Amino acid sequence: MSLKLYNSLTRQKEVFTPINPPYVGMYVCGPTVSGESHLGHARPFITFDVIFRYLQYLGYKVRYVRNITDAGHFEEEGREAEDKISSKAVLEKLEPMELVQKYTNLYHWAMSQFNNLPPSIEPTATGHIVEQIEMIKKIIADGYAYEANGSVYFDVEKYNTDFSAKGQPYGILSGRVLDEQIESTRELDNQDEKRNKSDFALWKKAPAEHIMRWQSPWGEGFPGWHIECSAMSTKYLGEEFDIHGGGMDLQFPHHECEIAQSTVCNHKMPARYWLHNNMITINGRKMGKSYNNVIKLSELFSGNHPILEQAYAPATVRFFILQSQYRSTLDFGNEALQGSEKALKRLMEAFDWLQQQNDLGSTGTNIDTALDEKVNKLVADFDTFMNDDLNTAKVIANMFELLPVINSIKDKHIAATALHSNTVALLKKQLHTFLIDIFGLQINKADNNDKLDGVLQLLINIRKDAKSRKDFVTSDKIRNELAALGVQLKDEKDGGMSYTI
RNA sequence: GGUCCUGUGGCCGAGUGGCUAGGCAGAGCUCUGCAAAAGCUUCCACAGCGGUUCGAAUCCGCUCGGGACCUCCA
């Protein structure tokens, strides 16, 4: 049973075979830190975090590179033109690195809220200007780029002509045919420095007011949109690596351009497997700045947004995302998120209870064979479903089928001896592996500190006393007032009580 | 306009041609001092029309609807 991944390049699921096992190189396009990340950004980072974790679970040694785009046009929203020119005082002027720092910090904060593991390397575009310039020089030397008025453009038409012959036309990833695009745009040529409109910038000459600028063989300027990913993936993962990931919206032109640049430089298709997550939609529309329907992550976590009926915990959002397959669109809605919130709570409570049990299961004749087989099958399918292009939705569905079994044992509707000890051990282990290690869903565990727990145990004991005296006024008062504070008490079957915050 | 994706019950979503997806919500029951939780049972589907097939949500065609990319975009 081997891992299959849907490769956008070949448009089919393929068995994943690393170039140099057990090593795996994975590059994922990171954020542009000129603004705060929104819900839409959460999807690729959570998706590829789960892939990163799953590959490690499979025994691979993964180098996960995720860049930060901190070069280019930098304008903070709502703080535009005036800053670019005006003040001479350093502190009044927009300092691009100040924005970069601010939004990088926010981004890292959001990533840790989601319990995403840090990537192995997180390179920045500004830290790799030299590599980018070297790469551009190489592309010019090979004849696939030209300088025009201090800027450098990639010659897409020449590339397409030459590399079509080698079976790798421009458009191989996105399925676009270059000729069609050129036809409709030729008229604009003489107004442009570009030879063809489909040409893209490798290096842009910096206008006088542009603050972010670097010295280059072509004058002062800044790198183009696509070259950073080619330069950094080559540097850290080599000329050919295993997985390149990102959102579907990056397939064209960004990834297409990466392929062209890297192929010219390294004479190789940079990545074997191109993975693209689908979009999160809101009312059927992709979430994006131009649609004016963005929910920033800080707003999502605080509930402070007109669309939101309440705050949603990072774990809820993570779980919501994992409840769908990563290549499907996922429609955001309050009802859906609230459903995920309740579902996750139920799942984690059963999980936590199970992990605390040490003497469930038996080896004797009390075993319910049919049930035992069912549980084993459900657990075994965790791997099967993940191997089928990471179907986290199906894994979660299986977990919910296991839930009644666990809860019935807890409530003694099913005997503690009904499952074989080995089955119980496997169930505990695999639930932990998938829920915690791979899905990364145990997030808010640190809430319970000892003092708080002590206080709550005290209240629970007082309530137990009151109940035993049939003093329901007192017992209800404790329960209701704790509920008002957000602490929920539950009377267990065996007379015990537990709480959740 | 070009390229491509998609339409599943109140909501979100899996679905490899024949077998209950799952979750949330709703209804009933059990347990309970009451509640909550949990368990059990249950209601509600495959946009429409044709075709292929013994059999289609799943394949094909058409119609209608939604969306993405073609410009920075996760």
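Letters go in sequence order (proteins before strands), and every chain restarts at 1. Since this is a predicted model, take the numbers as computed values, not measurements.
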Both distances under 3.5 Å, Watson-Crick or G-U wobble: report the partner of [N], or none.
N: B:rA56; answer: none
N: B:rA68; answer: B:rU3
N: B:rC62; answer: B:rG48

Any donor-acceptor pair, under 3.5 Å, between the side chain of [X] and the base of [N], if you only look at N and O atoms?
X: A:D331; N: B:rG13; answer: no
X: A:N334; N: B:rC24; answer: no
X: A:R479; N: B:rC34; answer: yes

*Determine, for nucleotides 63-69 of chain B in 5'-to-3' order, which nucleotides have protein heavy atoms under 4.0 Å from the base (write B), from only the sugar-phosphate (write S), or from neither (write -).*
----SSB

_So if I define the base as every atom that isn't primed, P, OP1 or OP2, how would nucleotides 16-23 of chain B read as a B/S/- string at a heavy-atom cutoff under 4.0 Å?_
-----BSS

Of the candidate nucleotides [options], which contains the atom at the shortest distance from the side chain of [X]?
X: A:N407; options: B:rC34, B:rG39, B:rG15; result: B:rG39
X: A:K467; options: B:rC12, B:rG33, B:rA74; result: B:rG33
X: A:S475; options: B:rG33, B:rC72, B:rC73; result: B:rG33

_Carboxylate-amine/guanidinium contact A:R53 A:D49, below 4.0 Å_ = yes

*Between A:D491 and A:R463, is there a side-chain N and carboxylate O pair less than 4.0 Å apart?*
yes

*Over all heavy atoms of both residues, which pair between A:D70 and A:M212 is shortest? Give the atoms and the distance, please.*
O-CE, 2.9 Å

*Respond yes when some side-chain nitrogen or oxygen of A:S328 is under 4.0 Å from OP1 or OP2 of B:rA14, and no when none is.*
yes

_N/O (side chain, A:N391) to phosphate O (OP1/OP2, B:rG15) under 4.0 Å_ = yes

*Quick one: label A:Q325 by what it contacts on the DNA or RNA (base, sugar-phosphate, nothing), any heavy atom closer than 4.0 Å.*
sugar-phosphate

*With respect to A:L378, which candidate in A:V395, A:N398, A:L427 satisfies the side chain to side chain contact (heavy atoms under 4.5 Å, CB included) definition?*
A:N398

